[in-house]
Every structure is written in structure tokens, then in C-alpha cells.
Amino acid sequence: MASFPTILLLDSGLGGLTVLREIVKVRPDARYIYVADDVFFPYGRHSEDAIIARVVPLVGELMEAHRPDLVVIACNTMSVSVMAPLRAAYRVPFVGTVPAIKPACAASKTRRVSVLGTRATVKREYTQALIRDHGQGCAVTLVGSPDLASLAEAALSGNTVSDAAISAELEPCFVGAGQDASARTDTVVLACTHFPLLLDRFVRLAPWPVNWIDPAPAIARRVVDLLGPAGSEVDAAGAEMIFTSGRPHALSQALMPFFDGHVPA
Ligand code: DGL
């Protein structure tokens with residue numbers, strides 16, 4: 001394994017930055033290639049077959065160009081569709097991002113959990129199987145959001161996103177009598193990597209407080225399991241951000257915090 005490993009992350013847009021920022025904390029010495037497949041955004045509107053046909057060759061091209069030591073699929077919608085075909089096609093280690101149903105159901109005291117993802121993620125058999133295998137008897141409500149990922153992109157790009165637009169997408173997550181804290185949703189899985197970008201707004205707009213489960217720290221731990229902990233020296237190679245559309249990113253200030261202060265090339 002290279003002493004400064006190259007880690008490639010792939011998402012449909014800016015959502016995977018919420019995974020990147022956790023990985024950068026535990027491997028600040030690695031070189032990062034962040035790829036946003038904005039040509040195909042939003043993934044939540046595509047079929048499983050279309051996602052497999054898009055992502056498997058794209059990852060092959062990216063591996064050829066960047067020779068990563070590890071690939072993180074920093075997108076739930078991709079991961080619930082394409083992890084098995086990717087692992088069958090390529091030898092590099094992959095880490096996926098899938099809905100954190102097991103820890104959410106283990107943590108819920110009211111046994112009422114909601115999974116907030118894209119429409120595609122909540123429909124997939126992979127997600128249904130996670131509930132069957134790890135639901136632990138909880139009542140799990142699946143909420144497929146049509147627009148939150150686009151709203152999160154807009155907000156991070158500096159555009160105004162109204163509270164009403166966010167509240168409308170959050171509302172179906174809150175099940176049960178608002179006044180009876182023992183019989184209402186107490187845990188919401190953030191099953192789309194874009195959603196933690198709006199977490200402050202979610203907390204403020206929620207009709208009652210809940211525990212929001214973001215899988216990114218667990219993904220960072222998995223990366224350390226596979227690559228080992230950070231070395232003592234910090235790599236000078238830094239980070240690169242690529243949009244498949246070829247557009248330059250004009251967001252250096254907004255993106256720097258995700259890259260631990262590095263300006264992505
Ligand atoms: N970030 C992606 C996810 O985690 C979804 C956004 C999209 O629809 O492209 O599911």
C-alpha cells in the first residue's frame with residue numbers, strides 16, 4: 001500500500017463532500033480525487049439498470065486515469081444499486097454508503113424510525129432487505145424525497161432555499177402524535193449524502209426533536225480499517241475536484257472546509 005494512498009470518491013454532485021470531510025479527518029495525509037457525476041444528476045430519478053450501466057464503466061475510466069488505492073461510493077442511490085457489479089468488475093477495495101438502518105433501529109427508543117433518501121434509494125430491494133434483516137422490530141417509514149438533493153446543491157452553491165420547500169420534504173418523516181413523545185418517530189436516517197448539508201435547517205424545521213443518523217463517520221472508520229491509520233507526515237499532493245460535465249468548480253471558499261482547508265484543484 002502506498003504511504004500516501006489515493007482515495008477516489010464518487011457522488012452525483014456535492015453530497016459526497018459530507019462523506020469526504022469525515023474521511024479527511026482520519027486520513028489527512030491521503031490524496032483525494034472527488035468526482036461529481038453531474039452529467040447524470042440527480043441519480044434519484046434513474047432506474048437501477050441505468051445506474052449500473054452508467055457507473056460501472058465510469059469507475060473503470062476513473063481508475064485508469066487516477067490509479068486509486070480505494071474507491072468510496074459516496075452516494076446511497078449509487079451504492080444500493082451498484083456495489084455488487086463494481087466489486088465483480090474491479091479488484092480495488094470499495095466502500096459504499098448505504099442507509100444506516102441497523103444503528104438507527106438499535107438506537108430508537110420509541111421503535112419508530114424514518115429513512116429519508118431519494119425516491120430510488122427507498123424503492124431498491126437492497127434497502128428493503130436492510131429493513132428485513134436489521135429492522136429489529138421497529139416500524140420503519142420510508143420517505144423518498146424528490147427534491148431535497150437539488151435543494152442541498154442549490155444551498156451549498158449560495159442560492160436561497162426556502163424553509164417551506166425543505167419542510168414539505170421533511171414532513172412525512174414525522175409519524176405519530178406530536179404530543180406523545182413515547183409514540184412518535186425519534187430517529188431519522190439521512191440516507192442521501194446530500195442531506196447532512198442541510199442538517200442545521202432540518203434541526204430547526206423539525207416538528208419535534210429527533211436523532212439524525214449520518215453514516216459518514218462509520219464510513220471513515222471503514223476506510224481506516226482497509227487502509228490503516230494516518231501516517232505522521234502530511235501529503236503535499238492535496239485534493240482534486242472533478243465534474244464529469246467538465247465545468248470548473250467555482251466554489252473554492254464553500255468547498256474548503258470539506259477538504260480540511262485545502263483548496264481543491
Ligand atoms: N447523494 C446521492 C445519495 O446519497 C443522491 C443525489 C441524487 O439524486 O443524485 O443518494
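Position 1 is the first residue of the sequence, and the numbers go up from there. When reading the values below, keep in mind they use all heavy atoms of this one structure, side chains included, and skip hydrogens, waters and symmetry mates. Both counts, for ligands and for their atoms, begin at 1 and track the order of listing.
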of all protein heavy atoms, closest to atom 1 (N) of ligand 1 is H194 ND1, 2.7 Å
What atoms of ligand 1 come within less than 4.0 Å of a heavy atom belonging to T118? 5 (C), 8 (O), 10 (O)
Looking only at heavy atoms, what is the nearest atom pair of C105 and Q136, with distance? CB-NE2, 3.7 Å
For atom 2 (C) of ligand 1, what is the nearest protein heavy atom, given as residue, atom name and distance? C75 SG, 3.2 Å
Closer than 4.0 Å to some heavy atom of Y43 - which atoms of ligand 1 meet that? 7 (C), 8 (O), 9 (O)
Test item, S12 contacting ligand 1 (heavy atom, 4.0 angstrom): yes
Could you walk me through whether F41 and H46 pass the ring-ring contact (aromatic ring centres under 6.0 Å, His included) test, one step at a time? CA-CA 9 Å; F41 181 89; H46 296 296; 9.5 Å; no
Only one of V98, V140, V80 forms a side-chain contact (heavy atoms from CB on, under 4.5 Å) with T127, so which one is it? V80
For A149, the ligand 1 atoms with a heavy-atom partner under 4.0 Å come out as 6 (C)
Taking atom types as modelled, find out whether D37 and S12 have a side-chain donor-acceptor pair closer than 3.5 angstrom. no
What is the ring orientation for F94 with Y90, classed by angle as parallel under 30°, tilted 30 to 60°, or perpendicular over 60°? tilted
Under 3.5 Å, is there a donor-acceptor pair linking the side chains of S47 and D49? no
Side chain or backbone of T77 under 4.0 Å from ligand 1, or both, or neither, by non-hydrogen atoms? both
Which is closest to atom 3 (C) of ligand 1 by heavy-atom distance: D37, N76, L17? N76
For the aromatic rings, using the six-membered ring if either is Trp, is the centroid distance between H66 and Y32 under 6.0 Å? no
Heteroatom proximity flag, F41 to ligand 1, N/O under 3.5 Å: no
Any donor-acceptor pair under 3.5 Å linking the side-chain atoms of S108 with those of D186? yes
Considering only the protein, which heavy-atom contact is closest to atom 8 (O) of ligand 1, and what is its distance? G44 N, 2.9 Å
Using a plain distance cutoff, I'd like to know if D11 has any nitrogen or oxygen under 3.5 Å from a nitrogen or oxygen of ligand 1. yes
